[in-house]
Protein chains: 2
Amino acid sequence: MVAELKITPLRYVLAVVDHGGFHAASRYLHRTQPALSMAIRELENRLGEALFEKGAKATLTPYGSYCVPRFRELINQHDRLSRELQARAAKEAGQLDMAVVPSVASRLMPKLLSEFVSRYPGIKVGLHDGNADFVREQVISGQVDIGITSLWGLEEELLFHPLFHDEVGVVCRDDHPLAERQTLTWQALETESLIGNGTSRLLQGTAAKSLLEMHALYISNMISLTATLVAGMGVTTLPRLAFPQEYERLRFIELAEPRVSREVGLIRRKGASLSPAAQAMESFIIESLGAGQ
Amino acid sequence: MVAELKITPLRYVLAVVDHGGFHAASRYLHRTQPALSMAIRELENRLGEALFEKGAKATLTPYGSYCVPRFRELINQHDRLSRELQARAAKEAGQLDMAVVPSVASRLMPKLLSEFVSRYPGIKVGLHDGNADFVREQVISGQVDIGITSLWGLEEELLFHPLFHDEVGVVCRDDHPLAERQTLTWQALETESLIGNGTSRLLQGTAAKSLLEMHALYISNMISLTATLVAGMGVTTLPRLAFPQEYERLRFIELAEPRVSREVGLIRRKGASLSPAAQAMESFIIESLGAGQ
DNA sequence: CCCTATGATAAATTTCCCTTACCACTCTGA
DNA sequence: TCAGAGTGGTAAGGGAAATTTATCATAGGG
């Protein structure tokens, strides 16, 4: 059975000691003098021993002298903890991990992250990239706080906040016959050597689904895919954001018929709420990408 | 500005976590469930962030998971301190120093101390011996908590609690002419070679005061004094307690006219109250020596 | 010697915590 | 499918605890 030492009376004792009297302390604490007298006496009763000499003005007993530094230590610990937790709640510190699809990671995250860390200097961000399945897994398993990806279907245990639509188009080398076209229909691709990739399943359920069966080649790795395209070995379909702009010889042609797009958005676990830091990131991303872009 | 984290709600949070639910925790804490709900919500508001998921049964938010171990740490620290201070107040632990006159130190303290430490195993005792002036100085300066000595006069800044009277008698070798006497008067000493010692001033203000002027020899050190007496070089006066029983050849003869005695007692500073440990020692000494002995 | 400082005390008041009573929701087993 | 027991949340009232107001006794300083 431990007596409950409330923090406030301990603070009173320290104030009396530091200010050299009950009246001075009461002014400092914005309390009246009897409040201190009674609170401290209550504390003394609880401890079973007087802290201040009776009849002397604010003089500590030996027991009191023993207690004061320990009170101070406990209060310091308390205040440090209180400040730390509040700061963390106020998103001034913390840590978050996110999983992001490669196209977003390479094209959007650099600018986003640099702005984020300058706005929230205390927050540590871990960025993990991988394909849509990887992102989904990471979020569901709780390995990361939030993810940015496009969903293939509705997920029971995930919340999806849409950010933007990303149009699917055809990518080919600049000397390819299709390269000069402004728009394409799926029929125009029937005779092409179409290379499949991780985003190809976006075509599922659309008028262009027959193209899926044409894949002679399937390349999931982006570097390999672009190298193959640059080598002129065929064409592929990609969302615009996934189109690697840095390759001068590659062209992106919009697919007009059917219009296919993926909806890129933010995902998080349904049951669990976000940590303050992750919440800050979520709000930041929605604010940055939700409207404009 | 630091928010005041009260200990009790923190305890509630831990109970809910440890017992896996508000109801289970409320049973454990002997509180009703709404009490926990409201106290914890109050705490959440204070921190600015939820600790438990809403709509889920007692599931911690990421922020909550971060907080819980820190709450536990603070509460452990609190409880440890509370127990320690209460134990100290209950005299189960602590430390005290006392200054004692040599006769008391050698004749009474050994038995007293062995009983004391067996009754209060946690208390550390420092025992310092010296003459009455030394004891007085040590107590007044606060070097020691309490002293046992006899006072020569009333002291303004000391509290004196009498313990027992110690009769002054004459000490001589067993072959001395006075050795066979049962009692003596001061006149019988006029022709003797009287050796003075630290206790001689007890005779001041008594009928035997003329003896003080007869001192040809003054020896303050007890070992030297007894050696001198054993050598048959004279007689001296000593309180009975100061008479060294271990010397077979020395005899103690009561002084009947005048009866001189010192009043041995406990002294402590008037303004300052005692530490719990010192208080325990004081009560113990009074209990042991006040009545009997 | 008055005046002002100290802290202690008593009663009134405000504040806060807890309980009782009730609701909404989810899960389980018949 | 539906009753029943589990979860936790909400509202209103009571009571204890903390605080204030008012007063007192005492001690030190001009």
Side-chain angles (χ1 to χ4, degrees), chain A residues 3-47 49-61 63-64 68 71 75 156-157 269-273, chain B residues 3-47 49-61 63-65 68 75 82 156-157 270-273:
Chain A
E4 191 81 5
L5 304 182
K6 299 196 202 77
I7 298 292
T8 315
L10 302 191
R11 240 184 255 284
Y12 289 175
V13 171
L14 296 193
V16 169
V17 171
D18 293 342
H19 293 79
F22 283 67
H23 279 91
S26 73
R27 258 170 270 127
Y28 168 74
L29 293 164
H30 305 294
R31 291 282 119 87
T32 54
Q33 168 264 314
L36 307 198
S37 288
M38 296 161 66
I40 290 177
R41 178 131 41 80
E42 160 64 22
L43 173 62
E44 290 177 334
N45 289 340
R46 206 166 285 218
L47 288 170
E49 191 74 25
L51 296 167
F52 291 98
E53 297 289 357
K54 284 160 199 161
K57 41 181 173 183
T59 313
L60 285 168
T61 62
Y63 183 67
V68 161
F71 289 171
I75 287 186
E156 188 57 34
E157 56 248 279
R269 288 246 296 288
K270 190 171 278 176
S273 71
Chain B
E4 191 82 4
L5 304 182
K6 299 196 201 78
I7 299 292
T8 316
L10 302 190
R11 243 184 252 285
Y12 289 176
V13 171
L14 296 193
V16 170
V17 170
D18 292 343
H19 293 79
F22 282 66
H23 279 91
S26 73
R27 257 169 271 129
Y28 168 73
L29 293 164
H30 305 295
R31 292 282 119 88
T32 54
Q33 167 263 314
L36 307 198
S37 288
M38 298 193 307
I40 290 178
R41 178 133 43 80
E42 160 65 19
L43 174 62
E44 290 177 334
N45 289 339
R46 209 165 281 219
L47 289 170
E49 191 74 27
L51 296 167
F52 291 97
E53 297 290 354
K54 285 161 202 158
K57 39 181 171 182
T59 313
L60 284 168
T61 62
Y63 183 67
S65 311
V68 161
I75 287 185
S82 174
E156 187 57 35
E157 57 248 282
K270 191 172 275 176
S273 71

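Within every chain, numbering begins at 1; the chains are lettered A, B, ... in the order of the sequence lines, protein sequences first and strands thereafter.
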- Message: Determine whether a donor-acceptor pair (N or O, by modelled atom type, separation under 3.5 Å) exists between the side chain of A:Q33 and the backbone of A:H23.
- Response: no
- Task: Could you check how far CG of B:N45 sits from P of C:dC16, rounded to whole Å?
- Result: 13 Å
- Task: Measure from the side-chain N and O atoms of A:R46 to the backbone N and O of A:L5, and report whether any donor-acceptor pair falls under 3.5 Å.
- Result: no
- Is it true that atom NZ of B:K270 has more than 12 heavy atoms of other residues, nucleotides or ligands lying nearer than 6.0 Å? yes
- Query: Can you give one letter per nucleotide of nucleotides 2-9 of chain C, 5' to 3': B if a protein heavy atom sits under 4.0 Å from the base, S if only from the sugar-phosphate, - if neither?
  - Reply: ----SBBB
- Walking along DNA chain D from 5' to 3', note the first and the last nucleotide with an atom under 4.0 Å from a heavy atom of chain B, and give both. D:dT7 to D:dT10
- Query: How many Å lie between CD on B:E42 and P on C:dT15, as a whole number?
  - Reply: 15 Å
- Note on the structure: In short, salt bridge (charged side-chain N to carboxylate O under 4.0 Å, His left out) pairs touching residues 12-38 of chain B with sequence neighbours left out are B:D18-B:R72
- Item | Residue-phosphate contact under 4.0 Å: B:K6 side-chain N/O, C:dC16 OP1/OP2 | no
- Message: Using whole Å, what does the distance between atom C1' of nucleotide C:dC17 and atom CZ of B:R46 come to?
- Response: 12 Å
- Query: Is B:Y12 close to B:L43 at the side-chain level, that is, under 4.5 Å between some pair of heavy atoms?
  - Reply: no
- Query: Pick from A:I75, A:V68, A:L36: which one makes a side-chain contact (heavy atoms from CB on, under 4.5 Å) with A:V13?
  - Reply: A:V68
- Would you name the heavy atoms of A:A50 and A:Y63 that are closest together and state the gap between them? O-CD2, 3.6 Å
- Kindly indicate, with the supporting measurements, whether the criterion salt bridge (charged side-chain N to carboxylate O under 4.0 Å, His left out) is fulfilled by B:E42 and B:K6. CA-CA 10 Å; B:E42 160 65 19; B:K6 299 196 201 78; 5.3 Å; no
- Just checking B:Y12: base, sugar-phosphate only, or nothing, at a heavy-atom cut-off of under 4.0 Å? sugar-phosphate
